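Heads up: the structure comes next, in structure tokens.
Residue numbering restarts at 1 for every chain, and letters A, B, ... go by the order of the sequence lines. Everything numeric in this text was worked out from a predicted model, so none of it was measured.
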There are 2 protein chains.
Amino acid sequence: MTGGPAFREKSVLHIVPDIDTGEALTERQKAVLDAALRLLVEEGDQLTMTAVARRASCSKETLYKWFGDRDGLLTATVQWQASKVRVAPVDGKGLDLASLTASLERFASDWLKVISSDTSIALNRVAIGHAGPIRRKEGKDNLGAVVLENGRFALAKRLKPVLEAGRQNGLLDFADAETAFRTFFGLVARDVQIRLLLGDRLELTEAAIGGDAARATQQFLALHGAKTGPQGPRAG
Amino acid sequence: MTGGPAFREKSVLHIVPDIDTGEALTERQKAVLDAALRLLVEEGDQLTMTAVARRASCSKETLYKWFGDRDGLLTATVQWQASKVRVAPVDGKGLDLASLTASLERFASDWLKVISSDTSIALNRVAIGHAGPIRRKEGKDNLGAVVLENGRFALAKRLKPVLEAGRQNGLLDFADAETAFRTFFGLVARDVQIRLLLGDRLELTEAAIGGDAARATQQFLALHGAKTGPQGPRAG
DNA sequence: GCCGAACCGTAACGTACGGTACGGCAAGCC
DNA sequence: GGCTTGCCGTACCGTACGTTACGGTTCGGC
């Protein structure tokens, strides 16, 4: 590229073609993104291109060639992490109250573990920092959308079939799956995420998470469990 | 936990004595902080000292003299806003189910209005951005603590007496006021705050807020309303 | 061996911004 | 008047960091 603004359009190959997140990456690129991710967790949003290059043992020129600019690197990093978190959907076949309860507790427990993890906190922090008002001309505030899409909305997408299977089998009673999901979400997460994001110490032990998951599940069943079956509250 | 605003003497160095109520501020200083607040809402965290000075029609030198440094200005701004938000506590006397329900709905509605306001979102964004890992040598992460103290914890402090009055009068049944509060918090806020912080459009109309407040209140009463009227067998 | 592509390491550039210094001006006080 | 105080406006400095440029090295293909 001696002289001419040959590829000034700075987003040809960097963009990471929307769907196959993580698919079109070479091993080396994944390693670089892992380094960036680690740095993001350690240093927060003020990680520098130089630091990423040094940590990943690659040159800044390579970073810019692969990811376009700092935002591109950040976006790719967030998407890369998101692509690693994909969880297997739960099959809602032959559902009885016990297995439904177990599924809900599992979802609650997994979700609490996710939102209290260092990685999630760091990612949410950077995404929130980038979601300022009218930032950039057009799209580019992808970070918040990506995090949301792979966090809260992915959870809803996986949980709703379970809820609807429960309704189908007469175990649950609700009018709108979306509303029911949000109730469950609120009962599980409560104030945990905002407190952690704001820097509140709040160590969630394995035991505490298990207890909270059971409590949230029982509360949800108390609200939306079908009245026809047994639903005794149990110690939690 | 988090008893009072744990001030490091770092920020006391420069003006802003540890009155977090914004009492010791001159009118001019309040005007400057209002300008900073407006700018914070408009521009997010990347507001500059120069921009604040220009907006407030004051010199940068004055900003530094009054607030020490950028963080001091940010902290003072957050505290200034917090001091304006103080809400009158609800008196929980002669409580019957109707007035309890009304109180809870009021709390829920107020809280939803707060967390969906531009100001709250901007403040939480900047506080979260400042709550990174091991930022600075000492204290300095005050922002998150301040926001938490004047948001979620202030809400708890005002709501708990109402809950306990409800229990006293046999209207509510719960073991731990803190846990009960967190349940109510979760039922009210659900995913609203995190979605807004991450940039999700999510217009909350007055009507929607009212509906959500009523729903959350009914759900809370379903979970913690006394089943047998004002003569429950439980003694503590 | 030669060539080109990809990449590393690092120096260099440009700029934005936090922080400081200085001149000017108005008000109060002697 | 002259001195002091407090503030505005602005020029200035230092640095951090995003971004670019360039020389050097490795590696695959012929």
Side-chain angles (χ1 to χ4, degrees), chain A residues 1-14 24-36 39-40 42-77 126 129-130 132 135-137 140 143, chain B residues 10-11 13-16 24-36 39-40 42-77 126 129-130 132 135-137 140 143:
Chain A
M1 55 171 297
T2 60
F7 61 96
R8 203 79 196 108
E9 57 257 319
K10 76 176 305 181
S11 49
V12 197
L13 67 159
H14 328 305
L25 295 173
T26 68
E27 288 309 308
R28 181 79 180 108
Q29 286 172 326
K30 292 177 187 174
V32 169
L33 291 182
D34 274 330
L39 221 43
L40 206 61
E42 293 172 20
E43 312 235 341
D45 194 7
Q46 35 61 293
L47 93 166
T48 68
M49 298 298 278
T50 303
V52 173
R54 187 160 41 221
R55 176 70 70 100
S57 291
C58 75
S59 73
K60 290 207 276 181
E61 185 175 26
T62 300
L63 291 183
Y64 283 101
K65 183 195 285 190
W66 285 350
F67 307 108
D69 58 7
R70 187 171 180 276
D71 266 1
L73 173 62
L74 246 32
T75 303
T77 303
V126 60
H130 270 244
R135 193 174 267 271
R136 302 297 184 276
K137 311 297 290 185
K140 195 66 164 193
L143 285 193
Chain B
K10 183 67 187 74
S11 58
L13 247 177
H14 343 287
I15 318 307
V16 194
L25 296 172
T26 69
E27 288 309 308
R28 182 77 180 108
Q29 287 172 325
K30 292 178 187 173
V32 170
L33 291 182
D34 274 329
L39 220 45
L40 206 61
E42 292 172 19
E43 313 236 339
D45 195 7
Q46 35 61 297
L47 93 166
T48 68
M49 298 298 277
T50 304
V52 172
R54 188 161 40 225
R55 176 70 71 99
S57 292
C58 74
S59 72
K60 289 210 288 179
E61 186 175 28
T62 300
L63 290 183
Y64 284 103
K65 184 192 291 188
W66 285 348
F67 306 109
D69 58 7
R70 187 172 180 275
D71 266 1
L73 174 62
L74 245 34
T75 303
T77 303
V126 60
H130 269 244
R135 192 174 270 269
R136 301 298 185 276
K137 310 297 288 185
K140 200 71 163 187
L143 285 193

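- Side-chain proximity of A/M49 to the nucleotides C/dG18, D/dT19, D/dC8 is greatest for D/dT19.
- Distance check: A/H130 NE2 to A/T75 OG1 gives 8.0 Å after rounding to the nearest 0.5 Å.
- Under a 4.0 Å N-O distance rule, the pair B/R55/B/E43 does not qualify as a salt bridge.
- B/F67 places its CZ atom 15 Å from the P atom of C/dG18, with the value rounded to the nearest Å.
- Dashed line: the shortest gap from a side-chain N or O of A/R28 to OP1 or OP2 of C/dC8 is under 4.0 Å.
- Note: NZ (B/K65) to P (D/dT5) measures 11 Å, nearest angstrom.
- The base of D/dT19 lies close enough to the side chain of A/K60 for a donor and an acceptor atom to sit less than 3.5 Å apart.
- One can place CD of A/Q29 at 8 Å from P of C/dC7, the figure rounded to the nearest angstrom.
- A/W66 has a side-chain polar atom (N or O) that falls below the 4.0 Å cut-off from OP1 or OP2 of C/dC7.
- When the side-chain nitrogen and oxygen atoms of A/T62 are compared with OP1 and OP2 of C/dC8, one or more of them lie within a distance under 4.0 Å.
- For B/Y64, the listed nucleotide lying nearest its side chain is C/dG18; candidates were D/dT19, C/dG18, D/dC8.
- Between B/L33 atom CG and B/W66 atom CH2 the span is 9.0 Å, to the nearest 0.5 Å.
- Phosphate proximity of D/dC17 to A/R54: absent, as no side-chain N or O sits under 4.0 Å from OP1 or OP2.
- Panel note: side chain A/T77, backbone A/L73; a donor-acceptor pair is recorded below 3.5 Å.
- Between B/D34 and B/R28 there is no salt bridge, since none of the side-chain N atoms of the basic residue sits less than 4.0 Å from a carboxylate O of the acidic one.
- Rounded to an integer number of Å, the gap from B/L63 CG to C/dA21 C1' is 16 Å.
- In this structure, B/D45 places its CG atom 12 Å from P of C/dC17, rounding to the nearest Å.
- Counting distance only, with no hydrogens placed and no angle test, the side-chain atoms of A/E61 and the base atoms of D/dC22 include a donor-acceptor pair under 3.5 Å.
- Between B/E43 atom CD and C/dA16 atom C1' there is a gap of 14 Å when expressed in whole angstrom units.
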